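Below: one structure, written as structure tokens.
Keep in mind that the numbers below use all heavy atoms, side chains included, and drop hydrogens, waters and symmetry copies. Note that the structure is a prediction, hence the values are computed from the model and not measured. Residue numbering restarts at 1 for every chain, and letters A, B, ... go by the order of the sequence lines.
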Amino acid sequence: MENDKILYKDFLEGNTGAFEELVLKHKDNLIYFLQRYIKDIYTCEDIAQDVFAYVFAFSEKYNFDFSFKTFLYTLAKNKAVDYIRKQSRQLSFGHVLENEQKADEYELVEKVIKDEDAMLVHSCLKKLTSDYQAAIYLVDIEEQSYVDAARIMGKSVAQFKVLIFRARKALKQKLEKGGYTN
Amino acid sequence: MKTDNEFLMGVYNKAHSYSSLEEKPKGFDQPKQNHFKRYIGIAAAAVLIAVVAPSLYFLNNVSYEMYEPVNTKTRTNEPVAAAFTAESVNTDEFINGSELIVTAQVKKIDKSVYEYSDTNHMTTTVTLKVSQFFKGDGESTIKLKVNGGYDQKTSNFVPYEATFKKKEKVLLFLVKSGDNEYTLRNSAYGKYSEVNATEQSGVYMTKDGETITIEELKSRISELG
């Protein structure tokens, strides 16, 4: 059984330490994923807290047939979509970040993206649409299967395959434009 | 950003607010006026649920289930494509995998029907007038069956496949499913909407922004033979 599922079982048996371990293990990547949809990092942090709060309050909702990560990211995506709908506008990619926010974002990226090449990919990734970013992040960085990534994004596997193909194509064009060759 | 401890405290605080919504009144030996107040509250909640919740549901439904959530973006006559096979992901594969490739204009959108009496599976037939055939041959008017629909009698809504509007001009990659009847190749991705039409090179775009021009399409079809 996956480590996450073992921790979750412990959590269900009353071990809040196991829950906290899950939170700390996944929170940074979750915030990074949310940033594919919502640019403001502090809002993403709040939404990530909401996601874990939901997991804690409704612990019985998790279905062990699926990976914990899939469950978490599906909740996160749905909450991100909820948030975007409630807002009259979303911050565009080109918005000017306050210095502190920039620093926090850089710190998060360093935690999540450890590889230098991946850092370069990340800078080009930000120029893509939210769905493209999320698709590449889930499959190529988080190493989710197509089935799980499709579930998280609320698409069928077939739709997701088309999406990831197009996302990678768009990313490749951005990278080549930036002078990066494989 | 928050420290780990601050983050965790925030999680617990928010979880507490979820839990307090679930608290039930305790004890059965409360004074009469408390019971009365409680029943008023329950009655008001019941009215709210019966009247407001259904409309809120259709406007803002977000599913937390693990299967593909219901798309309730809009409740219109416009179909949305559901994905089926996915062997084809690029233009060449779309071309090779399609039996008919046409530009057409939407003429009519029929009322949705249930495919089977005991399931929720609805389909909506869209009638289109073909303006150009790029691959395959057929009648000048074709019928496209898309999954999804809206039942006005029961207000039952099933997510559509690919959006269509009357008079919309589209480029379609199709697979034959019956006599002069077709389905979309690769669901929503088999449908492009006209963005910019000139005599020689109309530009068409899918819902996720993938574009193709008629010139490119003709060139690809010619090269693939």
Quiz item: Side chain, backbone, both or neither: which part of A/I152 has a heavy atom under 4.5 Å from chain B?
Solution: neither
Self-check item: Interchain contact, A/T129 with chain B, by part (heavy-atom threshold 4.5 Å)
Solution: neither
Exercise. Could you look at A/K77 and say if it's the side chain, the backbone, both or neither that has a heavy atom under 4.5 Å from chain B?
Key: neither
Self-check item: Under the salt bridge (charged side-chain N to carboxylate O under 4.0 Å, His left out) test, residues paired with A/E143 that sit two or more places apart
Solution: none
Quiz item: What part of A/I164 gets closer than 4.5 Å to chain B, counting heavy atoms only: side chain, backbone, both or neither?
Solution: neither
Practice problem: Sort A/A150 into side chain, backbone, both or neither according to what part of it lies under 4.5 angstrom from a heavy atom of chain B. | Solution: neither
Quiz item: Parallel under 30°, tilted from 30 to 60°, perpendicular over 60°: which one fits the rings of A/F64 and A/Y8?
Solution: perpendicular
Quiz item: Any donor-acceptor pair under 3.5 Å linking the side chain of B/T213 with the backbone of B/E216?
Solution: yes
Practice problem: Let me know if A/D65 has heavy atoms under 4.5 Å from chain B in its side chain, its backbone, both or neither. | Solution: neither
Quiz item: Taking the six-membered ring for Trp, are B/F173 and B/Y192 parallel (under 30°), tilted (30 to 60°) or perpendicular (over 60°)?
Solution: tilted
Self-check item: salt bridge (Lys or Arg N to Asp or Glu O under 4.0 Å) pairs, two or more places apart, involving residues 13-25 of chain A
Solution: A/D4-A/K25
